[in-house]
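Below: one structure, written as structure tokens.
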Amino acid sequence: MSIIEVENLAKQYPLPDNKSETFFAVDGVSLQIEKGEIFGILGPNGAGKTTTLEMLEGLVDIDDGKAVIDGINVQTDPFKVKEMIGVQLQANEYFDNLSLVELLDLFGALYNRVINPEDLLGKVHLVEKAKAKPANLSGGQKQRFSIACALVNEPKVLFLDEPTTGLDPQAKRNLWDLVLELNDAGMTIVLTTHNMEEAESLCNRIAIMDHGKIVAQDTPQSLIMKHAPEPPEAPLHGNIEDVFLALTGHALRD
Ligand code: ADP
């Protein structure tokens, strides 16, 4: 059995300009994610990536369909699921006057776990910042710290929502390395991104999402072989950006 099984997941929200009507932000998404994979959900802003993740994380109610993580039904057993997943949100707010070590201790206490903050900071390469406050970290360091917070309960599955958005190229590479290290240690990782290069170089498999639906899912190489049109007079196929354009008919914008 796959570690994450999603069947026909759906979520409706009110239309922004007519609150009495709804639209499908997520419209029948099915996914099977295997243990040990880095799985990417790639799509433009508004495609439904975050909402899909939020339903899997138990942060948003599921309107229709089913999500099971490691054999546990997210709808009927949300607390059990929360115990074994790690969640890094797009933006995090922390108590301003606590240091990284103090914050990790606090998160540990919330999970009822005895943790070693230095070990966790070591995993995300922030040991030298142990006594710093989050406000004094760079963008990349903040993202790595929020991953450390997501690791306090030793999750089997780590969810990352657009982890590298807004990071400079070096910070982005550092974060990719961290994701690969965590994955090498056995963690299944599900991330959303609108960065083609990230999806292509980091993920074992990608689901391309547009208007609430998955339009294709496969390994980056298979998607390229199947969907990227062969450029004229060039023997090589294109890249994931060509696949995305061929399947959705539009380019991504930040
Ligand atoms: P993505 O992560 O791909 O950018 P989202 O899942 O954030 O997309 O959003 C999908 C759609 O659902 C968007 O049109 C967004 O405006 C809408 N949406 C998301 N959350 C809410 C909400 N809480 N209330 C109403 N509409 C929402």
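Whatever order the structure lists ligands and atoms in, that order sets their numbers, starting from 1.
Residue-ligand proximity: Gly43 is placed with every non-hydrogen atom at 4.0 Å or more from ligand 1. For Pro44, the heavy-atom gap to ligand 1 drops under 4.0 angstrom.
Between Arg113 and Asn153, the closest side-chain pair of non-hydrogen atoms falls below 4.5 Å. The shortest distance between side-chain heavy atoms of Phe159 and Ile69 falls below 4.5 Å.
Every atom of ligand 1 with a heavy atom of Ala47 under 4.0 Å away is listed here by number and element: 1 (P), 3 (O), 8 (O). Close contacts between ligand 1 and Phe23 involve ligand atoms 11 (C), 12 (O), 14 (O), 17 (C) [criterion: under 4.0 Å to a heavy atom]. Heavy-atom contacts of Asn45 reach the following atoms of ligand 1: 4 (O) (cutoff under 4.0 Å).
Screening Lys80, Lys35, Lys156 for a salt bridge (Lys or Arg N to Asp or Glu O under 4.0 Å) involving Asp70 leaves a single residue, Lys156. With Leu202 as reference, Val179 is the one residue of Val179, Asp177, Leu175 to meet the side-chain contact (heavy atoms from CB on, under 4.5 Å) rule.
Looking at ligand 1, you won't find any N or O of Ala25 less than 3.5 Å from one of its N or O atoms. In terms of polar-atom proximity, Thr50 is counted as a contact of ligand 1, with an N or O under 3.5 Å from an N or O of the ligand.
Val68 and Val6 fall into different hydrophobic clusters, defined by Ile, Leu, Val, Met, Phe, Trp and Tyr side-chain heavy atoms under 4.5 Å apart, directly or through other members.
Side-chain atoms of Ser99 come within 3.5 Å of backbone atoms of Glu102 as a donor-acceptor pair (strictly under, hydrogens ignored).
For atom 5 (P) of ligand 1, the nearest non-hydrogen atom from the set Thr51, Thr192, Leu42 belongs to Thr51.
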